[in-house]
Amino acid sequence: MPYQLQLKQTNGEMMHPDICLYNQAQAEEEQLICQLLAEQIDAALPEAENKIWHAHPVWFLDGNPVVGYSKLKGGIRLLFWSGQSFDEAELKLEGSFKAAEKRYNHSSQINTADLQRWLAKARDIQWDYKNLVRRKGQLERLK
């Protein structure tokens, strides 16, 4: 029986309904991964806005994307937009900007202590993706 996701977040706010639908659309184990990630992100970044952005759940601080996850062929990818600046060996480079990722195939692979450390860094270390187009592809460090 698939895991039934809860709308209520750990910080007392309501999770965006589209994120709940996204999570529920995944296979059973992927639902568990998505729910655990969402709960951990919400707990660490209670002030963040969350929504579906480019078809995936993403959390924003002051309009700047900082963390999100997506379903890929090889499992669930957790993406930190400024993750290359975190100096974390477990996070792998992603793309040509400052993003880094971690992939999960099973919820037991999620180390919540590592995840909470990365989420703290996501708040403290940010590159300005919000104004990337306006700056013609040039990233500037915010924090």
Side-chain angles (χ1 to χ4, degrees), residues 2-72 74-135 137-143:
Y3 181 75
Q4 291 299 311
L5 302 179
Q6 302 295 316
L7 281 175
K8 193 170 182 86
Q9 295 177 327
T10 54
N11 62 8
E13 298 290 319
M14 296 300 283
M15 183 183 300
H16 195 289
D18 291 342
I19 292 178
C20 290
L21 291 172
Y22 179 93
N23 293 347
Q24 290 173 335
Q26 308 310 316
E28 187 172 355
E29 184 58 37
E30 291 162 342
Q31 283 186 31
L32 293 171
I33 295 168
C34 291
Q35 181 64 17
L36 182 54
L37 291 174
E39 289 171 357
Q40 291 289 309
I41 295 167
D42 288 336
L45 303 172
E47 73 279 23
E49 173 192 5
N50 62 68
K51 62 183 177 181
I52 297 293
W53 189 56
H54 297 286
H56 307 291
V58 176
W59 280 254
F60 297 80
L61 293 173
D62 297 321
N64 197 43
V66 293
V67 63
Y69 55 84
S70 58
K71 164 78 169 99
L72 300 176
I76 301 296
R77 173 180 67 180
L78 176 66
L79 183 72
F80 292 95
W81 268 256
S82 300
Q84 289 183 23
S85 298
F86 293 1
D87 193 29
E88 293 281 347
E90 288 289 314
L91 296 176
K92 305 301 177 206
L93 304 181
E94 167 60 27
S96 58
F97 290 106
K98 300 292 182 183
E101 67 174 26
K102 176 74 177 171
R103 296 191 184 200
Y104 302 102
N105 295 305
H106 196 275
S107 58
S108 65
Q109 296 173 317
I110 299 173
N111 179 321
T112 57
D114 286 347
L115 180 54
Q116 288 301 307
R117 186 177 64 253
W118 301 337
L119 289 165
K121 289 182 178 187
R123 173 186 289 114
D124 297 338
I125 301 170
Q126 290 184 45
W127 289 83
D128 188 7
Y129 283 91
K130 179 172 70 172
N131 295 304
L132 185 63
V133 173
R134 186 176 64 108
R135 289 198 177 105
Q138 296 295 328
L139 273 179
E140 287 186 13
R141 181 121 181 214
L142 291 174
K143 297 179 177 189

Shortest non-hydrogen contact from [X] toward [Y]:
{"X": "Ile125", "Y": "Ser82", "result": "O-CB, 3.5 Å"}
{"X": "Glu90", "Y": "Lys102", "result": "OE1-NZ, 2.8 Å"}
{"X": "Ala99", "Y": "Leu79", "result": "CB-CD1, 3.8 Å"}
{"X": "Ile76", "Y": "Tyr69", "result": "CG2-CB, 4.1 Å"}
{"X": "Pro65", "Y": "Val58", "result": "CB-CG1, 4.0 Å"}

Hey, what do you get for [atom1] ([X]) to [atom2] ([Y]), rounding to the nearest 0.5 Å?
{"X": "Leu32", "Y": "Gln26", "atom1": "CG", "atom2": "CD", "value": "11.5 Å"}
{"X": "Gln116", "Y": "Asn111", "atom1": "CD", "atom2": "CG", "value": "10.5 Å"}
{"X": "Gln40", "Y": "Ile110", "atom1": "CD", "atom2": "CD1", "value": "8.0 Å"}
{"X": "Leu91", "Y": "Ser85", "atom1": "CG", "atom2": "OG", "value": "11.0 Å"}
{"X": "Leu119", "Y": "Asp114", "atom1": "CG", "atom2": "CG", "value": "11.0 Å"}
{"X": "Gln24", "Y": "Ile19", "atom1": "CD", "atom2": "CD1", "value": "12.0 Å"}

Please check this pair: side chain of [X] against backbone of [Y], looking for a donor-acceptor N/O pair closer than 3.5 Å.
{"X": "Gln84", "Y": "Ala100", "value": "no"}
{"X": "Glu101", "Y": "Lys92", "value": "no"}
{"X": "Arg123", "Y": "Leu61", "value": "no"}
{"X": "Asn50", "Y": "Asp42", "value": "no"}
{"X": "Glu30", "Y": "Gly75", "value": "no"}

| said: Set out, in order, the CA-CA distance, both residues' side-chain angles and the distance that settles side-chain hydrogen bond (donor to acceptor under 3.5 Å, both in side chains) for Gln31 and Gln35, then state yes or no. | reply: CA-CA 6 Å; Gln31 283 186 31; Gln35 181 64 17; over 6 Å; no
| query | Centres of the Trp59 and Phe80 rings: under 6.0 Å? | reply |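 Not under 6.0 Å, so no.
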Taking the side chain as C-beta and beyond, is there a heavy-atom pair between [X] and [Y] under 4.5 Å?
{"X": "Tyr22", "Y": "Ser70", "answer": "yes"}
{"X": "Arg117", "Y": "Phe86", "answer": "no"}
{"X": "Ile52", "Y": "Leu21", "answer": "no"}
{"X": "Trp118", "Y": "Val67", "answer": "no"}
{"X": "Glu94", "Y": "Arg77", "answer": "yes"}

| request: Take Leu36 and Tyr104, measure what side chain to side chain contact (heavy atoms under 4.5 Å, CB included) needs, and give me the verdict at the end. | output: CA-CA 11 Å; Leu36 182 54; Tyr104 302 102; over 6 Å; no
| message | In terms of relative ring orientation, are Trp53 and Trp81 parallel, tilted or perpendicular, with 30° and 60° separating the classes? | response |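 Answer is tilted, since the angle falls between 30° and 60°.
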